[in-house]
Amino acid sequence: MISVNGVAIDEARLQAELPRHQDEADPLQSAGRELVLRELLLQRARALGLAGHDEEAAVRAVLAAEVRTPEADEAACRRYYEQHPAQFLSGALVEVCHILFQLTPRVNPQQLRARAGEILQQLHGAAPGAFADFARQYSNCPSAQQGGRLGDVSRGATVPEFEQVVFAMPAHTLLDRLVQTRHGFHIVRSGRKVEGAPMAFEDVHARIAGWLAQASERRATHQYLRWLVGQARIEGLDMPGADSPLLQ
């Protein structure tokens with residue numbers, strides 16, 4: 001039995017939360033930690049007089065009241081711009097093919113990763129033209145019908161974790177590792193690349209400020225949750241950190 005400052009989190013609540021964590025390495029542990037953090041935030045909301053009938057609203061109210069994040073100034077934005085020039089190229093394109101091993105609530109992530117790794121090893125030993133056949137056989141993406149071809153991908157067209165990898169790849173390369181995204185595990189091959197032209201700082205200043213503000217808010221919220229955990233009496237569950245889908 002898990003308890004938070006003497007408040008029990010029963011098995012029924014844990015089982016109700018569990019389906020949201022099936023992609024985690026330890027779904028039961030992840031669900032328990034999520035419920036502990038939520039309970040801590042709701043207890044804090046009551047202590048601050050912010051509790052109401054809507055738990056989600058109470059959680060948001062606590063974070064708004066107690067988490068302070070500084071805005072990114074122009075100097076910080078310019079430093080980011082100068083340190084990441086590849087992110088600010090207009091007209092940059094890369095031709096991409098992929099094979100997606102899709103994560104779903106009923107799929108074991110470790111088994112799926114292992115299977116994707118096996119296929120990647122087979123592909124490295126196959127003939128150069130075999131990628132399309134492998135994609136049609138194994139990929140869970142609609143692009144499988146086109147041999148895994150996504151076409152020319154521009155910045156912002158895919159999820160960031162995929163974009164970061166494919167734009168860093170040399171042209172005409174089969175990546176020697178899997179790419180993990182929120183959708184699953186990808187085997188990726190690049191084709192031709194168009195490097196693009198640098199964008200002016202003034203044109204991307206607002207975008208960079210938004211990114212830095214979000215990153216700062218996540219860091220501050222993690223610190224706040226760690227502080228709540230450190231102040232609490234938690235029994236029945238190890239709480240080494242404060243990572244939580246509450247923040248996503």
Side-chain angles (χ1 to χ4, degrees), residues 22-23 77 80-212 214-215 245 248:
Q22 292 305 309
D23 293 342
C77 293
Y80 187 93
Y81 172 79
E82 292 171 352
Q83 292 169 3
H84 302 85
Q87 294 186 19
F88 306 108
L89 297 174
S90 176
L93 296 170
V94 59
E95 187 180 22
V96 179
C97 296
H98 81 143
I99 300 171
L100 171 63
F101 296 82
Q102 186 177 19
L103 273 173
T104 66
R106 296 183 179 181
V107 172
N108 181 290
Q110 286 75 29
Q111 293 178 357
L112 185 65
R113 181 195 292 272
R115 178 58 174 159
E118 291 173 0
I119 300 304
L120 176 59
Q121 290 302 315
Q122 293 177 24
L123 193 54
H124 273 291
F131 193 98
D133 292 335
F134 273 66
R136 280 188 281 268
Q137 183 174 354
Y138 298 111
S139 183
N140 299 125
C141 179
S143 65
Q145 300 302 315
Q146 289 76 48
R149 190 174 186 277
L150 295 175
D152 291 334
V153 174
S154 60
R155 291 277 186 186
T158 66
V159 294
E161 58 268 34
F162 189 82
E163 174 184 303
Q164 183 178 3
V165 173
V166 299
F167 275 90
M169 292 174 62
H172 306 290
T173 301
L174 175 62
L175 194 64
D176 61 1
R177 63 178 178 85
L178 300 173
V179 178
Q180 183 174 357
T181 72
R182 65 199 70 179
H183 302 300
F185 302 100
H186 307 252
I187 296 173
V188 181
R189 190 186 71 184
S190 63
R192 69 183 185 93
K193 292 185 71 175
V194 177
E195 296 298 340
M199 302 170 69
F201 172 73
E202 291 72 20
D203 294 334
V204 295
H205 181 192
R207 189 194 312 174
I208 296 172
W211 292 344
L212 295 182
Q214 290 176 4
Q248 299 176 1

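Side-chain atoms are counted along with the backbone in the values below, which use heavy atoms only and exclude waters and symmetry mates.
- Side-chain contact check for V188 versus V165: every heavy-atom pair is 4.5 Å or farther apart.
- Here NE2 of H172 is found 7.5 Å from CD of E95. Values are rounded to the nearest 0.5 Å.
- In the displayed structure, Q164 atom CD is contacted under 6.0 Å by at most 12 heavy atoms of other residues, nucleotides or ligands.
- For Q122, the CD atom sits in a packed shell: over 12 heavy atoms of surrounding residues, nucleotides or ligands are nearer than 6.0 Å.
- For the pair R136 and A144, the tightest heavy-atom approach, listed with the atom from each and the gap, is CG-O, 2.9 Å.
- Taking 4.5 Å as the limit, some side-chain heavy atom of M199 sits within range of a side-chain heavy atom of R207.
- Remark: side-chain polar atoms of K193 are paired, donor with acceptor, to backbone N or O of F167 under 3.5 angstrom.
- Interatomic distance, F201 CZ to I208 CD1, rounded to the nearest 0.5 Å: 5.5 Å.
- With E163 contributing its side chain and G156 its backbone, the two residues share a donor-acceptor pair below 3.5 Å.
- Residues I99 and Q137 have side chains not in contact (no heavy-atom distance under 4.5 Å, counting atoms from C-beta outward).
- When the ring pair (Phe, Tyr, Trp, His ring centres under 6.0 Å) test is applied to H84, the partners found at least two apart in sequence or on another chain are Y80.
- Taking the ring pair (Phe, Tyr, Trp, His ring centres under 6.0 Å) definition, one finds that F185 meets it with nothing, sequence neighbours left out.
- Minimum interatomic distance between V159 and H183 (heavy atoms only, all atoms of both residues): CG1-NE2, 3.8 Å.
- To the nearest 0.5 Å, atom CG of residue D176 and atom CG of residue L123 are 12.0 Å apart.
- You'll find the side chain of I187 reaches within 4.5 Å of the side chain of F131, heavy atoms only.
- Between R192 and V194, some side-chain heavy-atom pair lies under the 4.5 Å cut-off.
- C141 contributes atom SG, which lies 13.0 Å from atom CZ of R149 (distance to the nearest 0.5 angstrom).
- Remark: E202 CD to Y81 OH distance equals 7.5 Å, nearest 0.5 Å.
- Atom NE2 of H98 and atom CG of L175 lie 13.5 Å apart (nearest 0.5 Å).
- For the pair R182 and P160, the minimum side-chain heavy-atom distance is below 4.5 Å.
- Here the side chain of S154 pairs no donor or acceptor atom with the backbone of L93 at under 3.5 angstrom.
- The aromatic rings of H186 and F162 are tilted relative to each other, their planes meeting at an angle between 30° and 60°.
- Taking every heavy atom of both residues into account, V94 and S190 meet most closely at CG2-CB, 4.2 Å.
- Ring-plane geometry between Y138 and F134 is classed as tilted, the angle between the planes lying from 30 to 60 degrees on a 0 to 90 degree scale.
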